[in-house]
Amino acid sequence: MVSSDSVNSRVETLASSGIATIPKEYIRPKEELVNIGDIFEQEKSTDGPQVPTIDLKEIDSENEKVRERCREELKKAAVDWGVMHLVNHGISDELMDRVRKAGKAFFDLPIEQKEMYANDQASGKIQGYGSKLANNASGQLEWEDYFFHLVYPEDKRDLSIWPQTPADYIEATAEYAKELRALATKVLRVLSLGLGLEEGRLEKEVGGLEELLLQMKINYYPVCPQPELALGVEAHTDVSALTFILHNMVPGLQLFYEGKWVTAKCVPNSIVMHIGDTIEILSNGKYKSILHRGMVNKEKVRISWAVFCEPPKEKIILKPLPETVSETEPPIFPPRTFAEHIQHKLFRKSQEALLNK
């Protein structure tokens with residue numbers, strides 16, 4: 001049975017209730033409201049630095065010169081930005097459209113139907129339909145609902161919690177996860193070579209084919225009556241090795257680059273890729289995990305499909321690889337398991353929140 005409390009805790013319920021002002025729990029602190037303007041205007045702006053677009057068409061070209069140029073561009077974007085739009089990435093437009101259509105159809109269901117898939121964070125059941133609880137660093141809420149589930153490897157999935165409606169959800173999402181996994185291998189090879197390592201090294205260090213987990217989070221950002229006061233997702237870096245993001249062509253992603261918030265353009269048929277903390281640590285900071293946040297607006301629902309490629313929680317000690325360390329470049333990260341890294345970040349954020357109160 002679906003409780004009215006859980007239905008009422010959804011941002012979608014709040015957004016569709018006709019409110020003109022948002023509850024105070026959703027209003028961000030003043031220091032977070034820097035550069036929160038009209039996201040559509042910001043997306044159109046051509047001033048200042050822009051998130052790089054990397055064409056992967058020639059990533060495995062037989063022509064060495066052409067291949068190296070493509071790989072060098074990817075590496076440069078990973079060093080300078082830690083985020084990029086990937087085009088000609090090998091995943092068909094048709095499959096991406098199926099994934100978007102299926103995810104949207106799930107969120108178009110009545111809330112009562114979505115609640116059948118509700119997660120229960122208090123009991124540790126994190127997969128499923130949910131909304132952010134007020135346990136983030138600032139004790140505040142974010143203007144989003146989401147659906148979270150492990151999508152790869154296939155033997156680690158729990159299909160019983162995957163949406164049964166629409167009919168194509170499982171097939172489209174499973175196929176997309178499989179293709180993303182192959183794309184992750186391609187990218188990790190290039191990043192390994194960029195560090196002077198053997199091409200399979202980074203993939204091995206993050207768990208290899210058996211242990212690297214792909215977790216999908218579909219973020220649903222309803223229209224917001226006061227977008228200048230709220231955030232869909234607060235500023236953070238991803239803990240993952242890599243994150244791949246599809247979206248519905250509504251702008252909202254901002255990156256903190258060279259001391260300013262930069263709005264990512266909507267590049268057709270692209271996949272946004274982030275370098276996560278895991279690769280930043282293994283590379284001893286040579287590749288960047290960039291601070292980013294999700295914006296909201298009062299005109300259009302935004303949906304994004306983020307897939308986090310994560311190492312196993314306890315099996316691997318994350319620390320700068322010996323080849324990335326020297327006398328002049330000592331290790332800048334202490335050894336931690338992935339689980340310890342997550343706990344460290346949560347602890348640090350809660351300490352900062354206490355100091356800012």
Got a donor-acceptor contact below 3.5 angstrom from the [X] side chain to the [Y] backbone?
{"X": "R10", "Y": "E115", "answer": "no"}
{"X": "N248", "Y": "I303", "answer": "yes"}
{"X": "R28", "Y": "A230", "answer": "no"}
{"X": "D120", "Y": "K125", "answer": "no"}
{"X": "K265", "Y": "S45", "answer": "yes"}
{"X": "K319", "Y": "T337", "answer": "no"}
{"X": "Q50", "Y": "A264", "answer": "no"}
{"X": "T173", "Y": "I170", "answer": "no"}
{"X": "N219", "Y": "A306", "answer": "no"}
{"X": "K156", "Y": "E210", "answer": "yes"}

| Trace of the side chain to side chain donor-acceptor pair (under 3.5 Å) decision for E203 with T185 | CA-CA 7 Å; E203 178 146 34; T185 292; 3.0 Å; yes
Could you check if a side-chain atom of [X] sits within less than 4.5 angstrom of a side-chain atom of [Y], using non-hydrogen atoms only?
{"X": "E144", "Y": "V11", "value": "no"}
{"X": "L193", "Y": "V190", "value": "no"}
{"X": "Y129", "Y": "I161", "value": "no"}
{"X": "L150", "Y": "L214", "value": "no"}
{"X": "M295", "Y": "D38", "value": "no"}
{"X": "T278", "Y": "V206", "value": "yes"}
{"X": "Q215", "Y": "E310", "value": "yes"}
{"X": "V151", "Y": "W162", "value": "yes"}

Report the distance from atom [atom1] of [X] to atom [atom2] of [Y], rounding to the nearest 0.5 Å.
{"X": "S326", "Y": "E323", "atom1": "OG", "atom2": "CD", "value": "12.0 Å"}
{"X": "K114", "Y": "F147", "atom1": "NZ", "atom2": "CZ", "value": "11.5 Å"}
{"X": "F244", "Y": "E179", "atom1": "CZ", "atom2": "CD", "value": "12.5 Å"}
{"X": "I281", "Y": "F338", "atom1": "CD1", "atom2": "CZ", "value": "9.0 Å"}
{"X": "L56", "Y": "I59", "atom1": "CG", "atom2": "CD1", "value": "5.0 Å"}
{"X": "L246", "Y": "I91", "atom1": "CG", "atom2": "CD1", "value": "7.5 Å"}

Under-4.0 Å salt bridge between [X] and [Y]:
{"X": "E175", "Y": "R98", "value": "no"}
{"X": "E72", "Y": "R67", "value": "no"}
{"X": "E199", "Y": "K204", "value": "no"}
{"X": "R336", "Y": "E340", "value": "no"}
{"X": "E280", "Y": "K288", "value": "no"}
{"X": "R71", "Y": "D60", "value": "yes"}
{"X": "K101", "Y": "D97", "value": "no"}

Answer yes if [X] and [Y] sit in the same cluster of Ile, Leu, Val, Met, Phe, Trp and Tyr residues linked by side chain heavy atoms under 4.5 Å apart, and no otherwise.
{"X": "L183", "Y": "M273", "answer": "yes"}
{"X": "V83", "Y": "I275", "answer": "no"}
{"X": "L74", "Y": "Y287", "answer": "yes"}

| request: I would like to know whether H89 and N269 meet side chain to side chain donor-acceptor pair (under 3.5 Å); could you show each step before the answer? | output: CA-CA 9 Å; H89 39 65; N269 307 322; over 6 Å; no
Atom of [X], atom of [Y] and distance for their closest heavy-atom approach:
{"X": "P166", "Y": "A105", "value": "CG-CB, 3.6 Å"}
{"X": "I54", "Y": "M84", "value": "CG1-SD, 3.8 Å"}
{"X": "Q164", "Y": "L159", "value": "NE2-O, 3.7 Å"}
{"X": "C224", "Y": "I22", "value": "SG-CG2, 3.9 Å"}
{"X": "W261", "Y": "A235", "value": "CH2-CB, 3.8 Å"}
{"X": "V296", "Y": "L231", "value": "CG1-C, 4.5 Å"}

Indicate whether the side chain of [X] and that of [Y] have a donor and an acceptor atom separated by less than 3.5 Å.
{"X": "N63", "Y": "S61", "value": "no"}
{"X": "T237", "Y": "K345", "value": "yes"}
{"X": "H236", "Y": "R293", "value": "no"}
{"X": "T263", "Y": "E43", "value": "no"}

Kindly state whether the ring of [X] and the ring of [Y] have centres lying under 6.0 angstrom apart.
{"X": "W143", "Y": "Y221", "answer": "no"}
{"X": "H247", "Y": "W305", "answer": "no"}
{"X": "Y146", "Y": "Y220", "answer": "no"}

Check whether more than 12 heavy atoms from other residues, nucleotides or ligands sit under 6.0 Å from atom [atom1] of [X], and answer yes or no.
{"X": "E299", "atom1": "CD", "value": "yes"}
{"X": "K186", "atom1": "NZ", "value": "no"}
{"X": "K217", "atom1": "NZ", "value": "yes"}
{"X": "E171", "atom1": "CD", "value": "no"}

| field | Steps toward salt bridge (Lys or Arg N to Asp or Glu O under 4.0 Å) verdict (E73, K76) | value | CA-CA 5 Å; E73 283 177 9; K76 185 177 186 306; over 6 Å; no
| task | Please step through salt bridge (Lys or Arg N to Asp or Glu O under 4.0 Å) for the pair E205 and R201, ending with a clear verdict. | result | CA-CA 6 Å; E205 295 288 347; R201 180 71 179 282; 2.9 Å; yes
| query | Pick from L195, L202, D277, T324: which one makes a side chain to side chain contact (heavy atoms under 4.5 Å, CB included) with L282? | reply | L202
| query | Quick one: ring pair (Phe, Tyr, Trp, His ring centres under 6.0 Å) pairs with a partner in residues 49-78, sequence neighbours left out? | reply | none
| message | Tell me which pairs pass ring pair (Phe, Tyr, Trp, His ring centres under 6.0 Å) where either residue lies in residues 33-70, with sequence neighbours left out. | response |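 Every candidate ring pair (Phe, Tyr, Trp, His ring centres under 6.0 Å) pair involving residues 33-70 fails, so no pair, neighbours aside, qualifies.
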| said: Quick one, Q42 with Q254, criterion side chain to side chain donor-acceptor pair (under 3.5 Å). Give me CA distance, side-chain angles, the key distance, then yes/no. | reply: CA-CA 10 Å; Q42 289 171 332; Q254 284 194 331; 3.3 Å; yes
